[in-house]
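Working notes, structure below.
What's counted below: heavy atoms across the whole structure, side chains too, no hydrogens, waters or symmetry copies. All chains are named by letter (A, B, ...) in the order of the sequence lines, taking the proteins before the strands, and each is independently numbered beginning at 1.
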Amino acid sequence: MSQVSTKPASGMRDFLPAEAARRRRVFALIEEVYQSYGFEPLETPTMERLDTLLGKYGDEGDQLLFKVMKRAQKLERALNRESPGETDLADLGLRYDLTVPLARIVAQYQNDLPRYFKRYQIAPVWRADRPQKGRYREFVQCDVDVVGSTSMTVEAEVASALSEVLDRLGFGEYRIHLNHRRLLSAMLEASGIAEAKWSGVLITIDKLDKVGRNEVIRELQEERGVGREAVDRLLSLLGAQPTLAEENQGTLDRLREAVGHLEDGQVALKELTEVLRFADGGPAGPRLIVDPYLARGLAYYTGPIFEIRSDEFSGSIGGGGRYDELVGMFTKQSLPACGFSLGIERILMLMEEAGKFTDEPAPADVLVTLWDPDFTPNSLALARELRAAGLRVDLYPDGGDKMGKQFGYADERGLPFVAILAPRELEDGVVAVKNLKTGDQEKVPRGEVGRWIVERLPGRS
RNA sequence: GUGGGCGUAGCUCAGUCGGUUAGAGCGCAGGUUUGUGGUACCUGAGGUCGCGGGUUCAAUUCCCGUCGCCCACCCCA
């Protein structure tokens, strides 16, 4: 293989037609649901200025940014520096998520946007991670966000929208874990842990259901440098990890006793209670689980945080939360915001594994055969007539090929019908139509053939 | 960035305790069937065994390096 590899770049994928069509159907459904909640589309560039992206996601995130090299003289100048680093040589980066670009948009176009800006965006993002099961370097996120309100109705609506998507996809098994950044702050403060250690501690706590209580205790002490007493205090405040929506009230009561006397705790508990109350009765209601162990790594969250989890996958399949300070990083006029991202790649993967994609629609309704090269105008005319009747029509391109080959092609593509127009049929003013599913073949008058097929298409009534 | 596994036909993989023409299934092409697919049977094409170096009379096989893929960790969707 001295030739150039034909594989896609590491962590990136090609989608052949059947899979591409499947993805589009799922995206269309998501779009439909998002629109039904009043969200509007937004499109932003795949690349952003590096400064826009840096410092928004935490150190880990900065590392995972795909950076784009400077060009021409700028690059030469950068190369001539002492010992140029990545950020000296690059001035652009591929977007890492859709939230930071949204914040930039809001900061830039405040005057042109409605008072409450509800946008959705379904688009690829890039992360220079090492690929793994369900993890890619290029993947599509499906975001909904509301900018401009601090009301918990936003959290409730956003959670409902994504629940509705998952329910309509038939993705049965999932939970939405719910926590609050300020609740975590209150607990860390009450445990007497230094603020500098908080982010590390949160990451460890978040792993409880994966690695178990003892490992969490060990990691907190040995890797996060938290004293034994503080660890004990923290874990007793957190209590047992809830796994059912029915436990929510009990969890909230318990947390109120633990940190209700602190301002952060009080605000967080009030807001969480509201989210549950507002979501009650909607699709998200039975899925929400108050989980004091939920942390989430992205640095910009300030209020309620969510994460969708499934027993079928170890990572998260969606996440989000409130980020009231992010817009303020781009402009003096700060604006509150809250939103959510669906990890559609992982959802598609799990649905695929569960065998949810059967009965894929055929790429066309009918193949028009080509008797021989001289007959091409006749077949082209028939194809036009069938298209005018509303059919998706494929014309066999090479007239020299045997009927068997033409039928084999139609079968291979899964087309339900083949329309044959040869000298015999032309003379009789008919078209021979074969149903490839049943094997039946009939002669249909030329003028009726379009409607005849339309009425017999699979899945139509 | 760390650890483990794997690179042999278009695809999924077998095989070689170092030895002469490297195999299977699927797919592809042709035929049995000069107006008809999906089943069956027959025939055929297709491989510098990832790349580079080393050991050896001899390397696809052993050793080293390198690149790529997969899985796990970290972190995340």
Over all strands shown, is [X] touching base, sugar-phosphate only, or nothing at heavy-atom distances under 4.0 angstrom?
X      : result
A:L436 : base
A:A410 : nothing
A:Y136 : base
A:E425 : base
A:G315 : base
A:G134 : base
A:I344 : nothing

Please determine if a side-chain N or O atom of [X] lies less than 4.0 Å away from the OP1 or OP2 oxygen of [N].
X      : N      : result
A:K207 : B:rC75 : yes
A:R135 : B:rA72 : no
A:Q132 : B:rC71 : no
A:S10  : B:rC69 : yes
A:K434 : B:rG35 : no
A:K133 : B:rC69 : no
A:K405 : B:rG30 : yes

> Hey, does the Lys NZ or Arg CZ of A:R127 hover above the aromatic six-ring of A:Y96, less than 6.0 Å from the centre and inside 45° of the axis?
Replying inline: yes
> Can a cation-pi geometry be assigned to A:R181 and A:Y301, taking NZ or CZ under 6.0 Å from the six-membered ring centre and within 45° of the ring axis?
Replying inline: no
Base-pairing mate for [N] - Watson-Crick or G-U, with both contacts under 3.5 Å:
N      : answer
B:rU2  : B:rA72
B:rG35 : none
B:rU55 : none

>> Expressed as a whole number of angstroms, how long is the span from A:L98:CG to B:rC76:P?
In response: 17 Å
>> For the C1' atoms, the ones on B:rA45 and on B:rG37, what distance do you get once it is rounded to whole angstrom?
In response: 24 Å
> Which value, in whole Å, describes the distance between the C1' atoms of nucleotides B:rG53 and B:rC17?
Replying inline: 25 Å
>> Going by centres under 5.5 angstrom and planes under 30 degrees, do the aromatic ring of A:F139 and the base ring of B:rA77 stack?
In response: yes
